[in-house]
Asker: 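Here's a structure for you.
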2 protein chains.
Amino acid sequence: MTHSEARERVLQAAERLFAERGYTAVTIKDIAAAAGIHHASLYHHAPQGKEGLFVEIMERILSRHQQGISDAVRAGGDDLRAQLRGIAAWMVAQAPMDMVRLTHSDMPAIDPASARMLGDLAFETMIVPIVRVLFAARARGEIVPGDLGNLAGGIFSMLQGLHTLPDAYLERSRLDMANELIDVMLAGMKAR
Amino acid sequence: MTHSEARERVLQAAERLFAERGYTAVTIKDIAAAAGIHHASLYHHAPQGKEGLFVEIMERILSRHQQGISDAVRAGGDDLRAQLRGIAAWMVAQAPMDMVRLTHSDMPAIDPASARMLGDLAFETMIVPIVRVLFAARARGEIVPGDLGNLAGGIFSMLQGLHTLPDAYLERSRLDMANELIDVMLAGMKAR
DNA sequence: GTCTATATAAAGATAGAC
DNA sequence: GTCTATCTTTATATAGAC
């Protein structure tokens, strides 16, 4: 009962819109229109309403990110640069995951318990894997000591920031830009 | 007629709320309540309504950023590290300027002409000054060649990303973390 | 599974009294 | 400059026919 062709269309429309614009900027009618159904029909597939749908969708997005990021890390072997480039390739190919918006705009608009849960899950999914590859590289002696949580957050923010400019304004591919940023951070973490 | 004690309270409330949550997540009633007046009274001070108020407020915020950033750059003399640390100190002390949210959530909800204007102004105000200090440092031979626009965007995104975690979750001051990130980027831009 | 119709509430906005 | 009252539109949500 959790699946059907129509339900999947609804979930995909909701996912795209929520990821792009955030909770408050998207209406139930936007989602229904994008899924090609009347907004009343949407409640057949998402009986828990807009807020429940948002939470489900965020969990779904984050679950996909978890998979994509862990695949990228594994494919990078034991090479920090390859791991970070893999993570970057994944992230620039996905819709933005705007943690500042999630924290300051989306979360205050929903039930506090769900908000806390989503915030924790987002941090675990998006930041912690970067922390882990940095720790492993540090253990191998590839980079010098530092606040690896802070550095991981910085790398994540830089990669997400690449979504700021619309595609039309870009002179280079986002992946090229991401790789350059990673190379500079890596050189900075190795030097000294 | 552009000023009065009450109008100023309205502008300050609007500024705080819009900066924190963005356009769609803030209502006219939120702003009126924060300013301590009835929401009908708000239209006396902002006859152009919510959208006009948002545009005015964003211009005001960006104008303050322009001043704060240019002061910080000037105080940094000819030293890139001091300039970037000054910019960082300014930015972490202000409300977040979430360019991804501005681009993907706020701008699609307002008049396209205003949206384009605000987007350009935000880029000019927040990113271009960083590009300029990087170019000057490059001209002095302090850093090696690279896509300085990309690097400036990365530095900006990292600094803004420090607003993700609520104050209560922070183990170090945002300024400490910002300085560490800047030092790593600087080392990376000097090396090679 | 989808629709029409409807309910309810919230948001943006205006008129006019004080 | 601020309020009450009111209007209009939009948003979320439900009931029930098909």
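Chain identifiers are assigned alphabetically (A, B, ...) following the order of the sequence lines, protein sequences preceding nucleic acid strands; residue numbering begins at 1 within each chain.
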Asker: Could you walk me through whether Lys50(A) and Glu56(A) pass the salt bridge (Lys or Arg N to Asp or Glu O under 4.0 Å) test, one step at a time?
Answerer: CA-CA 10 Å; Lys50(A) 184 188 179 184; Glu56(A) 178 182 355; over 6 Å; no
Asker: Using a cut-off of less than 4.0 Å, is there contact between a side-chain N or O of Thr27(A) and OP1 or OP2 of dT10(D)?
Answerer: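 Thr27(A) to dT10(D) OP1/OP2: no side-chain N or O under 4.0 Å.
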Asker: Do the side chain of His39(B) and the base of dA11(C) come within less than 3.5 angstrom through a donor-acceptor pair of N or O atoms?
Answerer: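 When only heavy-atom distances are counted, His39(B) does not reach the base of dA11(C) through any donor-acceptor pair under 3.5 Å.
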Asker: Nearest to the Arg9(A) side chain among dG12(C), dT2(C), dT2(D), which nucleotide is it?
Answerer: dT2(C)
Asker: Between dT2(D), dT12(D), dT2(C), which nucleotide gets closest to the side-chain atoms of Ala6(A)?
Answerer: dT2(C)
Asker: Side chain of Lys50(B) only, please: which of dA13(D), dA13(C), dC3(C) is the nearest?
Answerer: dA13(C)
Asker: In this structure, how many angstroms lie between the C1' atom of dA13(D) and the CD1 atom of Ile31(A), rounded?
Answerer: 14 Å
Asker: dC3(D), dT4(C), dA11(C): which one has an atom nearest the side-chain heavy atoms of Lys29(B)?
Answerer: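 The answer is dA11(C), which lies nearest to the side chain.
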Asker: When you check the phosphate oxygens OP1 and OP2 of dG1(C), does a side-chain N or O of Ser41(A) lie under 4.0 Å from one of them?
Answerer: no
Asker: Quick check for you: among dT2(C), dT2(D), dG12(C), whose closest atom lies nearest to any side-chain atom of His44(A)?
Answerer: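 Taking heavy atoms from C-beta onward, the closest nucleotide is dT2(C).
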Asker: State which of dT14(C), dC3(C), dG1(C) makes the closest approach to the side chain of Ala40(B).
Answerer: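 Ranking dT14(C), dC3(C), dG1(C) by closest atom to the Ala40(B) side chain puts dT14(C) first.
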Asker: Evaluate Glu15(A) against Arg9(A) for salt bridge (Lys or Arg N to Asp or Glu O under 4.0 Å), listing each step before the verdict.
Answerer: CA-CA 10 Å; Glu15(A) 190 175 311; Arg9(A) 275 211 323 279; over 6 Å; no
Asker: Report yes if a side-chain nitrogen or oxygen of Tyr43(A) is closer than 4.0 Å to either non-bridging phosphate oxygen (OP1 or OP2) of dA13(D); otherwise report no.
Answerer: yes
Asker: Could you tell me the separation between the CZ atom of Arg7(B) and the C1' atom of dT2(D), rounded to a whole number of Å?
Answerer: 16 Å
Asker: Roughly how many Å is it from CD1 in Ile28(A) to C1' in dT8(C), rounded to a whole number?
Answerer: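 From Ile28(A) CD1 to dT8(C) C1': 16 Å.
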Asker: Between Ile31(B) and Ala13(B), what is the shortest heavy-atom contact and its length?
Answerer: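 Here Ile31(B) and Ala13(B) meet closest at O-CB, 3.8 Å.
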Asker: Taking the six-membered ring for Trp, are Tyr23(B) and Phe18(B) parallel (under 30°), tilted (30 to 60°) or perpendicular (over 60°)?
Answerer: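 Parallel: the ring planes of Tyr23(B) and Phe18(B) meet at under 30°.
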